[in-house]
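Note on naming: letters A, B, ... go to the chains in the order of the sequence lines (proteins, then strands), and numbering restarts at 1 for each one.
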Amino acid sequence: MEYNFKSIEAKWRKHWAEQKTFKPEANSAKPKYYVLDMFPYPSGAGLHVGHPLGYIASDIYARYKRLKGFNVLHPMGYDAFGLPAEQYAIQTGQHPAITTETNISRYREQLDKIGFSFDWDREVRTCEPNYYKWTQWIFKQIFNSWYCTEEDKAKPIDSLVARFKAEGNLLIKAVSDEVASFTAKEWSAKTKKQQEEVLLSYRLAFRSETLVNWCAELGTVLANDEIKDGLSERGGHPVEQKKMMQWSLRITAYAQRLIDDLNALDWTEAIKEQQRNWIGRSQGASIRFEVVSDELALDEKLDIEVFTTRPDTIFGVSYMTLAPEHEFVARITTDDYKIAVSDYINKTKKRSERDRMSDVKTVSGQFTGAYVIHPFTGDKIPVWIGDYVLASYGTGAVMAVPAHDTRDFAFANHYNLPMLQVISGGNLPTESHDGKEGELLNSSFLNGLQVKEATATIIAKIEEKGIGKGKIQYRLRDAIFSRQRYWGEPFPIYYEEGLPKTMEDKDLPLKLPAVEKYLPTKTGEPPLARAENWKTKEGFDFETNTMPGWAGSSWYFLRYMDANNKGEFVSKEAESYWKNVDLYIGGSEHATGHLLYSRFWMKFLYDLGFVSEQEPFKKMINQGMILGRSNFVYRIKDTNKFVSHGLKDQHETTAIHVDVNMVENDVLDLEKFRSWRAEYKDAEFILEEHNYKCGAEVEKMSKSKFNVVSPDLIVEKYGADTLRMYEMFLGPLEQFKPWNTNGISGVNNFLRKFWRLFHNDKGDLCVSEEKPSIEELKILHKTIKKVQEDVEGFSFNTSVSTFMVCVNELTNQKCNKREVLEPLVLLMCSYAPHISEELWMLLGHKQGVSYQSFPIFKPSVLIESSHNYPVSFNGKMRFKVEYSLELSKEELEKQILAHEKTIHYLNGVNPKKIIIVPKKIINIVL
RNA sequence: GCUCGAGUGGUGGAAUUGGUAGACACGUCAGACUUAAAAUCUGAUGAACAUUAGUUCGUGCGGGUUCAAGUCCCGCCUCGAGUACCA
């Protein structure tokens, strides 16, 4: 029988689905292992060949872990809320749920063809009411919590109320908005409404006026990454900065824990570093400067607070800069400067924050006429405004030290402001001296100290004087949590007298209402305001915003543990068994989004005792994107003649993208090309070596470049096992690489060779029961060892090569011994599961290969070869050894000494000791 | 600018703790089988000289450590990714 992948693969897919082969055991005594892929957004375009890359890798690992005796959870689902389906709904009126459903079935169909070992009974979809019921429920918990900085954890809001009743808020240490202090008595005296307002400043989900990117045309707030050059990425509509009432989550409360706990994670340093930078911890001090301005009344006292990471340079301060939006600007600007200042503010308003950021070189600013008093020298320091200072970071004000900060330096040079060096070294006045090395000078009591000592000294002094304190500032902002969209989770919130209230658990899920149109209302309210009864239902006034895309994806990994639970988001037993994800595979583009929010939610749920781990993803592998490889034909100018790539320089040509599906190994299928488009029907070709060779270039996969390769076509032509192995063979998992079908025949050949090992020339099964030779066992053991190492180290590409070598060698040996072939099938079954199942069955096993446990081989050593190293170094000598059957240590020593080359190079010196180190090297101490 | 990663044949890529650089595959060339082609199989394939054994040079560039460097150290160059007026 020939290797007929079509019937084999169809048969086993059906078998696995029917037998529910990949359902994890309930109440298992086995150790657990949770392998998860980042779930996809089901887009209308379907899967291309790049999507399954990570899924294949995780599937290999999941199957491998099952063989190793683990109880493996390996689920899949869909991140199904999102903008494309909503946009489609706006254009066509089709409900996003229908679009989503269609796309999901297409995805499922494509996924099913690749032979993944997902447990589909646990599928989750974020847009299903049964799922988002729990997203809403978690939101409720966040809303009903506050963050206690004493215990450094989130706690139920009731505990805060109890303390307010007992002691007021004077001693409460919490992450909150600015709240006026009150006593227990004053608390009790407040009305219900006033109390609610106070609590809102403490809740971890809160409402506030926030500056957002508002796109009027789309009728929604946009995230920074949804804007390109001041226009919306989708549609190219103008975007403006606007203050809007928005829901936010107090992720900043977790900033330090989010940084600290990164250390223990087995993620790439790059991703961890990205998160650290995003959170952006800087240590420094906040310092208050007293304002002197003609505008202030005589008895009016006003301080400007600045944040600086370099309090040690305080004696070098020569001016101060406020962000143009700083709240004090209008109050302190003197009459003489009012016009200039307001002109300047108007000018900067026109430039979006993004423009300001991208245009770093232009220095601009304006003096306000006001001064502040230097707290140590008593000097009058001019106050400027400048758009290089951002209102949204720190206090929106900086103390400028031009001698030791590049930006202050540029500003001071431009406006001719004074500059004083206070730290030795550097190339002043050519450039500023930003480094933290050197000795303090011109700094009164700090003179002679090193930067580090000076920093500590000055902070102590500042605190002593009561003008500020040491402070840690984070770049991370609270996460804006509302979107003016239809296709997202409704908030379980209604309003009474303008105050938000949560719905009862029993009334969840609050389902998305039907609307006749998916656009915002004429008055600019979100689409949900169009729903009948939404604003008036039984006197309720529901929140019309919906949650952002990342809400549902911040906890989905927990739902898989117990996907069909109707009474809880996850049961205590399921959670305490599966705990968290052992291996997470997905792209690195979510470093500062999904991966950060998930960690935040997990920590929150941990604080409230709902889960037992603080981190959702223990180990993560980031697979690289698969790029497209575009093909070109070269049309000779003004003709319908096409010249092969190698000869194109002889003519004047234009390169034209051709569909890569008409090209194989860069050779164009002329017939397909002629029938591709009417204009090419009569195309003529200038060939080289009887073929038309196309040019090629690596680009992102896109429809317009005709370089999208669907996995379906590959499966159709070569089978799923070939696709799986080829995607792994392509190169290291983490690397960005172009899709290139050129090498796929090699992998396909290998699978056919593998098949032939078990069959004779006539195609009949032919497996011998004879004992294998030492040579044959060595081939097998070498392969087992190498493949195991590769899988554990995620070097899937090299283990494909290892299999190839093994099969080549066994073919050369004409080895068809059962004792060799059986373990090989087991080893192969995570990579190429269909063919392995079939062969396993042909070998006479009743139970499928997916139920087997991996044989543990302990390959021992046999001196096989040595290098020509001289003996005269370090007293150590190293030998390369290969694997064979077990040997005792004594035998091993004997073999080493008996080895011809060893004796030669030992030069008659007797070794004192032979050290057998792990892996393959033996050290001989002379 | 900063952070991280990477530079190896015609191509994708291997290379263990520093230990025979180029595994494996594609491509190319030659051969076998065929009326022929396809498919399959076998062999060759870093470069230069010698064309027989062999010799020399070779992992982005320049130094260094070492018996031994793709791998470690110092100084550069190039490319990719992320981030950016964060005080």
Side-chain angles (χ1 to χ4, degrees), chain A residues 268-274 276-278 280-282 284-286 306-311 313 320-321 323 353 356-363 386-390 392-401 404-408 410-411 434 473-477 588-589 591-592 622 624-625 629 665-666 689 696 725-726 729-732 734-750 752-753 756 785-786 789-790 793 795 797-808 811 865-874 877-880 917-921 923:
Chain A
T268 62
E269 207 40 54
I271 297 263
K272 292 202 228 178
E273 199 56 31
Q274 268 187 62
R276 283 189 202 109
N277 290 340
W278 187 260
R281 180 187 202 271
S282 15
S286 68
V306 300
F307 174 75
T308 177
T309 53
R310 298 297 304 276
T313 62
M320 175 174 283
T321 317
E353 186 151 343
R356 277 165 61 178
M357 286 181 194
S358 58
D359 182 15
V360 181
K361 280 173 201 126
T362 320
V363 176
D387 67 1
Y388 80 97
V389 178
L390 302 176
S392 48
Y393 182 74
T395 60
V398 302
M399 56 174 231
V401 186
H404 303 287
D405 182 280
T406 313
R407 294 150 308 175
D408 298 343
F411 194 87
D434 294 11
Q473 180 75 40
Y474 298 95
R475 198 185 80 111
L476 185 71
R477 324 266 167 86
S588 56
E589 65 273 16
T592 53
N622 304 109
M625 196 193 295
R629 189 169 183 279
N665 285 356
D666 284 342
E689 291 152 15
M725 293 200 94
Y726 184 60
F729 183 69
L730 219 47
E734 290 96 333
Q735 199 168 297
F736 279 59
K737 49 197 172 278
W739 176 262
N740 180 351
T741 324
N742 287 357
I744 200 164
S745 61
V747 173
N748 193 242
N749 283 344
F750 154 72
R752 293 210 298 257
K753 257 190 200 169
R756 280 202 299 272
K785 173 87 174 162
K786 184 72 168 60
E789 278 169 12
D790 285 345
S795 314
N797 56 326
T798 49
S799 42
V800 177
S801 300
T802 308
F803 281 124
M804 289 178 177
V805 173
C806 174
V807 167
N808 282 345
T811 306
S865 62
S866 72
H867 291 289
N868 303 343
Y869 315 128
V871 243
S872 59
F873 70 99
N874 292 354
M877 182 179 229
R878 310 223 283 190
F879 285 85
K880 207 171 198 175
V917 295
K919 302 210 171 167
K920 307 173 201 175
I921 304 293
N923 288 333

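In this structure, A/R752 reaches the sugar-phosphate backbone alone: every heavy-atom distance under 4.0 Å involves primed, P, OP1 or OP2 atoms, never a base. Residue A/Q274 is classed as a sugar-phosphate contact, given heavy-atom separations below 4.0 Å to backbone atoms only. Using a 4.0 Å heavy-atom criterion, one finds that A/N808 contacts the sugar-phosphate atoms exclusively. Among the protein residues, A/P732 comes within range of the sugar-phosphate backbone only, with heavy atoms under 4.0 Å from sugar or phosphate atoms but none that close to a base.
Nucleotide B/A37 has no partner under the Watson-Crick or G-U criteria, as no pair reaches both atom distances under 3.5 Å. Across all strands shown, B/G43 forms a Watson-Crick or G-U wobble pair, both distances under 3.5 Å, with B/C29. Across every strand in view, B/A69 sits unpaired, with no contact that passes the Watson-Crick or G-U test at under 3.5 angstrom. A 3.5 Å limit on both hydrogen-bonding distances identifies B/C74 as the Watson-Crick or G-U partner of B/G62. Using N1 to N3 plus N6-O4 or O6-N4 for Watson-Crick, or N1-O2 and O6-N3 for G-U wobble, each under 3.5 Å, B/U51 pairs with nothing. Across all strands shown, B/C4 is found opposite B/G80 as a Watson-Crick or G-U wobble partner, with both distances under 3.5 Å. The nucleotide B/A23 finds no pairing partner, because no Watson-Crick or G-U wobble arrangement with both distances shorter than 3.5 Å includes it.
In this structure, OG on A/S745 lies 8.5 Å from OH on A/Y726, to the nearest 0.5 angstrom. A/T308 OG1 to A/Q473 CD: the interatomic distance, rounded to the nearest 0.5 Å, is 11.0 Å. Between the OH atom in A/Y393 and the CZ atom in A/R475 there is a gap of 9.0 Å [rounded to 0.5 Å].
Considering only side-chain N and O atoms, A/Q735 lies under 4.0 angstrom from the phosphate OP1 or OP2 of B/G13. Residue A/N277 places no side-chain N or O under 4.0 Å from the OP1 or OP2 atom of B/A84. For B/C24, the OP1/OP2 oxygens have no side-chain nitrogen or oxygen of A/T798 closer than 4.0 Å.
A distance of about 27 Å separates the C1' atoms of B/C57 and B/G43, rounded to the whole Å. For the P atom pair drawn from B/A21 and B/A30, the interatomic distance equals 31 Å after rounding to whole Å. Taking the P atom of each, B/G60 and B/G10 are spaced 14 Å apart, rounded to whole Å. Separating the C1' atom of B/U17 from that of B/G54 is a span of 34 Å, rounded to the nearest Å. Between B/A38 and B/U52, the distance separating the two P atoms is 31 Å to the nearest Å. B/C33 and B/U40 have their C1' atoms separated by 9 Å, with the value rounded to a whole Å.
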Tabulate atom names and distances for all N/O pairs under 3.5 angstrom spanning the protein and nucleotides 41-46 of chain B.
{"residue": "B/C41", "atom": "OP1", "partner": "A/R756", "partner atom": "NH2", "Å": "3.1"}

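Using a distance-only test at 3.5 Å, with no hydrogens or angles considered, no donor-acceptor pair links the side chain of A/K786 to the main chain of A/T798. Within the 3.5 Å criterion, the main-chain N or O of A/T406 finds a donor-acceptor partner in the side chain of A/D434.
Using a 4.5 Å heavy-atom cutoff, the side chains of A/F411 and A/V363 are in contact. Looking at A/V747 and A/M804, their side chains come closer than 4.5 Å, going by heavy atoms from C-beta outward. Counting heavy atoms from C-beta outward, A/T802 and A/D790 have side chains that approach closer than 4.5 Å.
B/G9 takes the syn form, because its glycosidic angle lies no more than 90° either side of 0.
If you find the closest nucleotide of RNA chain B to A/F307 and to A/A270, the one lying nearer the 5' end belongs to A/A270.
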